[in-house]
Amino acid sequence: MEEKQSIKSLLPEELEEQMAQMGEPRYRAGQIFRWLHQGVASFSQMSDLSKGLRAKLEQGWYITKPEILRKQVSQRDGTVKYLFGLADGNSIETVVMRYRHGNSACLSTQAGCRMGCVFCASFDPARSRNLTPAEILDELLFAQADSGLKISNLVLMGTGEPLDNYDNVMAFLKLVSRPGGVNIGMRHISLSTCGLVPMIDRLAQEKLQLTLSVSLHAPNDQLRSQLMPVNRKYPLDQLIPACRRYFSQTGRRISFEYAMIDGMTDTIDCARQLNRLLEGFPCHINLIPLNHVEGSPLRPSSREQLERFQEVLLRRGQNVTVRRSLGGDISASCGQLRRQRIKEVSQ
Ligand code: SAH
């Protein structure tokens, strides 16, 4: 017998195709899609389907359901962080952040990242694997159900490089923005990349209304290659033109993420170089105070230095903000819970 397939990864039109093959009416697809996006864990809960159809579905398909391995709630700002266990024993982190304009979920797109940025806790090439569209959707469904917080915005800024898992992330974006399901519009979604140039060009072709964030973190190749190995493959003279192409093709402003690392990326000279790099390009610069990762020699910039750096850019007319840091009391920096878990399990 063939192996069972994950039904939650299917788009409504793909479900319709399956229904046609099973000799079922089309509208069944819509019913199943709604149930799946409500987070039901078994076909038996799909009470408006016939018993016969439920049994047939059971034979060919399974419904993914992550297990909550750990949950942390920030006493300061209500940020909720989950460590979810997946069917194959791997684990991923998901964070729900509360803002005045609504709640936002930060989703992982891979279990363990392959990119190797030196300041990041998510690097884990040995255990890295792509998440399926259903697994990414599950982060949202189960974080929302468990926390009771209605999620209206999504950021693909958890563990993993979304553009390194391109097809599954595109399928997820289609799933999550469809009416009948969770139905979160593209304008409420941000996707963050470390700068995979060919994939930025591919994404531009999709003409989605989402916000593209590019993790820049340094204004010159020497420093950027030191922090982010991806820069050796796609240096700034390829990355920035790709960002310009993206803007001209989609009309969507790019948000550049810039981590403020004490004595490294936060000098006034760096601020001036950053200004020159992005001069005249309609974009947004988001300064992120570095999250300290256990065992790392890298430190966050002081508040004063952060303000001085921002001032240089503001004076030159750049659109620059400082990201508010949430969940400071719950090892908020992404990848840390998963790391702890791997350590515990392998002991
Ligand atoms: N792979 C994607 C998305 C995941 S990381 C990317 O690189 O953009 C989400 C953001 O958090 C990125 O901007 C990443 O560079 C940043 N980040 C990772 N570790 C960090 C840390 N310790 N402090 C501050 N930002 C960090």
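Atoms within a ligand are numbered from 1 in the order they appear, just like the ligands themselves.
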Evaluate the side-chain hydrogen bond (donor to acceptor under 3.5 Å, both in side chains) criterion for residues Arg34 and Gln31: first the C-alpha distance (whole Å), next the side-chain angles of each, then the deciding distance (0.1 Å), finally the verdict. CA-CA 5 Å; Arg34 268 192 297 280; Gln31 290 174 313; over 6 Å; no
Take Tyr246 and Leu212 through the side-chain contact (heavy atoms from CB on, under 4.5 Å) test and state the conclusion after the steps. CA-CA 9 Å; Tyr246 185 90; Leu212 179 65; 3.9 Å; yes
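Around the NZ atom of Lys56, the shell of radius 6.0 Å holds more than 12 heavy atoms that belong to other residues, nucleotides or ligands.
Note on Phe123: it does not cluster hydrophobically with Leu196, by side-chain heavy-atom contacts below 4.5 Å among ILVMFWY residues.
Contact annotation: Gly158 has at least one heavy atom less than 4.0 Å from an atom of ligand 1. Heavy atoms of Ser296 come nearer than 4.0 angstrom to ligand 1 in no pair at all. The closest approach between His217 and ligand 1 falls below 4.0 Å for a heavy atom of the residue.
Annotation for ligand 1: atoms under 4.0 Å from non-hydrogen atoms of Cys194 are 6 (C), 7 (O), 8 (O). Atoms of ligand 1 lying under 4.0 Å from any heavy atom of Cys120, numbered from 1 in the order shown and given with element: 18 (C), 19 (N). Heavy-atom contacts of Gly160 reach the following atoms of ligand 1: 1 (N), 2 (C), 3 (C), 4 (C) (cutoff under 4.0 Å). In summary, the atoms of ligand 1 found under 4.0 Å from a heavy atom of Val293, numbered by their order in the structure, are 22 (N).
In terms of polar-atom proximity, Ser192 is counted as a contact of ligand 1, with an N or O under 3.5 Å from an N or O of the ligand. The shortest N or O to N or O distance between Leu290 and ligand 1 is not below 3.5 Å.
Defined by atom type and a distance below 3.5 Å, a donor-acceptor pair is missing between the side-chain atoms of Thr79 and Ser74. For the 3.5 Å distance criterion, the side chains of Gln205 and Asp201 fail to qualify, holding no donor opposite an acceptor.
In this pair, His37 and Phe33 present their aromatic rings tilted. The plane angle is within the 30 to 60° band.
Within the 4.0 Å heavy-atom criterion, neither part of Ala259 lies near ligand 1. When heavy-atom distances to ligand 1 are checked against a 4.0 Å cut-off, Thr159 has no atom that comes that close, whether in backbone or side chain.
When hydrophobic residues (I, L, V, M, F, W, Y) are linked wherever their side-chain heavy atoms come within less than 4.5 Å, the members clustered with Val312 are Ile268.
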